[in-house]
Colleague: 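Provided herewith is a single structure, encoded as structure tokens, for subsequent inquiry.
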Amino acid sequence: MKQTQWISGKLLVLVIFISSFLNADTVPDSSNLLEKMVDSSKKLSFQGEFVYQQGAQLETLSIIHQAGDNDHSEKERIIYLDGAPREVVRDGHELFFSSYNEGVTRFQHGSLMPVINKLQGGISEKYYDLKIVGIDRVAGREALLLLVLPKDRFRYGYQLWLDRESSLLLKSVMVDDQGKIIERLQFTSLNVGSLSDETKDLLIRKPPVVDETITVKSQPDRPSDPLQWETGWLPDGFLLENRSVRPSPVSQHNVDALVFSDGIASFSVFVEQDDTRVLSQASEKIGALSAVSKIYREGNQYFHVTVVGDIPLGAAERVAVSVRPLKIKP
Amino acid sequence: MSEKDPQISARERLKESLSVSLDGHSNDLELRRVLDGISKDDELRSLAGRYQLIGDAIRGEVNQFAGVDITSSVMAAIEQDDIDSSFNQKLSDSSRSSVNDSDGVPKSSNLIKGLWVSLGKVAIAASVAVAIIVGVRNSNPPADVQLMAVNEPATLTQPVQLAHTGQNDYGASGIRAGYNSKLHDSITPEQLAYAQSLADRATRERFHAYALQHAELSAMGNGQSILSFARLTSFDSQ
């Protein structure tokens, strides 16, 4: 009798010990882990190199990220190390994309883009099965392996390796519903923590010449200036993240740009006036991205709808065909 | 349709083909016959509109575009434009003019404008087929399993060819189906191929431009900017 008590007591201690270990030592529930991943990528300073593979193509890139604080804005620099020189420089509200072939494009935001629907913690769990399946090592760092399996056909599946210490994304494999690998990203080296002064200097070096400036006007939902159109169908769980107006990169008109996200995948819907007046539709898979273009007619008005995002092509097409003008209201 | 009763008038047969063509089962010859017939006959034109609505309703989704009389407007466009004689002329004119007015306009938009102007004449003809098919397919959601089962025959003739293999395979475009239909004898295969390549280039430019916009949007928002921008690498292999 005494012995059984002693054993159960010992078991209890053991259970408490294990659970406290799990709680204290960064094995949170999987949904929290995703939130932390997003959070860390904004709020931590880090520097590293990673490879990115899509299809038969393999590229090396490097990233420097500096977290924002009271005195400094968030800064980031992504450099493509292979092929034609390209880089992305971001400083707060401003983003430069420089390409050796196409020149420098500057995106200028009046203010930080307001997030219309802040993603709720539980949202990913509703549309994905999230499971921590093990501990692995990536780029010399301990990583938690998280399985993210979609519950419907409108999103891809992921295996994510998240840094155990910082929750930063160390490796990501995206698969389609056949289990085929679409893209792979993997860090080969990563340093988390404060950056050296030399590295910080790299972050403030902006392109001297700008070929094209795109001024983005954020539009929080304003009843006085409603959209001329609406999306008739969205995959469940995709919420409007933000909405803006910018000059179209392909025409003389302004284009409405809406971004939708389910917390993991995201796609953008662009709608602009169309001048070609030829009803047509095109869709394509470009690496991990699906792109659909479709022209609509409403009376004498033609609209060009473009959907781009890391969602299956079928979902993107369905979103594109559902876009309709808002004029006629019953 | 295989059995031809002598009692059935030409119009009856036309009606039948019309229904078939709006269902997406018709061949090129039939489609052309229907279009010619529609343009001459008011009653048939309204019938076409009705079939289109019925087709949409059967597919379970009547939308706001369902009532648009696509065929008549496209036929009107054809009548106005003399495609045969002016194609080559306009092509060279427009390519010249698009070079000239490049001041102050972003390069890419200019290119696309030029492409589209030169494309215009052929595209009108070609879009007849596309317009009809797209018009009917308007409410055909390809991704839904249940609807897919119902719509299976329609899905087969969908004008969009999907490039499944990914990055290097540009050129799947909705316009292609229309060009291949040989709707107008006056357009030579060379002209079709040229117009098609122009359309493909315009589409590629568009997707490229908007992929960058999307990357920027998700980087500024909640997305993982490393993934957003890494994905742009697929455009470099073109």
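What you see is a predicted model; the values in this text were computed from it and never measured. A note on names: the letters A, B, ... follow the listed sequences, proteins ahead of strands, and every chain is numbered from 1.
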Colleague: For B:Leu227 and A:Glu183, what are the C-alpha separation, side-chain angles and deciding distance, and is it a side chain to side chain contact (heavy atoms under 4.5 Å, CB included)?
Modeller: CA-CA 10 Å; B:Leu227 272 172; A:Glu183 67 167 19; 3.3 Å; yes
Colleague: Could you tell me which residues satisfy side-chain hydrogen bond (donor to acceptor under 3.5 Å, both in side chains) with A:Glu272, sequence neighbours excluded, listed by chain and number?
Modeller: A:Ser248, A:Ser251, B:Arg206, B:Tyr210
Colleague: Once you round to the nearest 0.5 Å, how far does CZ of A:Phe46 lie from CD1 of B:Ile226?
Modeller: 6.5 Å
Colleague: If we ignore angles and hydrogens, is there a donor and acceptor under 3.5 Å between the side chains of A:Ser268 and B:Gln213?
Modeller: no
Colleague: Can you tell which part of A:Val38 gets under 4.5 Å to a heavy atom of chain B, answering side chain, backbone, both or neither?
Modeller: both
Colleague: Nearest heavy-atom pair of A:Gly309 and B:His214: which atoms, and what distance?
Modeller: CA-NE2, 3.8 Å
Colleague: Can you check side chain to side chain contact (heavy atoms under 4.5 Å, CB included) on B:Thr203 and A:Ser280, steps first, answer last?
Modeller: CA-CA 10 Å; B:Thr203 306; A:Ser280 67; over 6 Å; no
Colleague: Hey, is B:Glu216 close enough to A:Arg246 for a salt bridge, meaning N to O under 4.0 Å?
Modeller: yes
Colleague: Which region of A:Val307, side chain (C-beta onward) or backbone (N, CA, C, O), has a non-hydrogen atom less than 4.5 Å from a non-hydrogen atom of chain B, or is it both or neither?
Modeller: neither
Colleague: Begin from the C-alpha positions of A:Phe270 and B:Leu217 and carry the test side chain to side chain contact (heavy atoms under 4.5 Å, CB included) through to its verdict.
Modeller: CA-CA 11 Å; A:Phe270 302 96; B:Leu217 277 166; 3.9 Å; yes
Colleague: Need one label for A:Ile182: side chain, backbone, both or neither, based on atoms under 4.5 Å from any heavy atom in chain B.
Modeller: neither
Colleague: With A:Asp176, which residues qualify under side-chain hydrogen bond (donor to acceptor under 3.5 Å, both in side chains), at least two apart?
Modeller: none
Colleague: Please flag which part of A:Phe96 lies under 4.5 Å from any non-hydrogen atom of chain B: side chain, backbone, both or neither.
Modeller: neither
Colleague: Taking all non-hydrogen atoms of both residues, which atom of A:Ala288 and which atom of B:Arg231 are closest, and how far apart?
Modeller: CB-NE, 3.7 Å
Colleague: Tell me, for A:Ala265 versus chain B, whether the close heavy atoms (under 4.5 Å) come from the side chain, the backbone, both or neither.
Modeller: neither
Colleague: Given the rule in the side chain to side chain contact (heavy atoms under 4.5 Å, CB included) test, do A:Leu289 and B:Phe207 qualify, once you have shown the distances and angles that lead to the verdict?
Modeller: CA-CA 10 Å; A:Leu289 292 173; B:Phe207 285 161; over 6 Å; no
Colleague: Between B:Ser228 and chain A, which part of the residue has a heavy atom less than 4.5 Å away: side chain, backbone, both or neither?
Modeller: neither
Colleague: What part of A:Thr306 gets closer than 4.5 Å to chain B, counting heavy atoms only: side chain, backbone, both or neither?
Modeller: side chain
Colleague: Against chain B, label A:Glu74 side chain, backbone, both or neither, depending on which of its atoms sit under 4.5 Å from a heavy atom there.
Modeller: neither
Colleague: Report yes if some heavy atom in the side chain of A:Arg90 is under 4.5 Å from a heavy atom in the side chain of B:Ser225; otherwise report no.
Modeller: no
Colleague: Taking all non-hydrogen atoms of both residues into account, name the closest pair between B:Ala209 and A:Val250 and its distance.
Modeller: CB-CG1, 3.9 Å
Colleague: Measure A:Ser293 against the heavy atoms of chain B and call it side chain, backbone, both or neither at under 4.5 Å.
Modeller: both
Colleague: With a 4.5 angstrom heavy-atom cut-off, could you sort out which part of A:Leu95 is near chain B: side chain, backbone, both or neither?
Modeller: both
Colleague: After noting the C-alpha distance and the side-chain angles of A:Gln57 and B:Thr233, does the key distance pass the side chain to side chain donor-acceptor pair (under 3.5 Å) rule?
Modeller: CA-CA 9 Å; A:Gln57 202 184 350; B:Thr233 54; 4.7 Å; no
Colleague: Between A:Met174 and chain B, which part of the residue has a heavy atom less than 4.5 Å away: side chain, backbone, both or neither?
Modeller: side chain
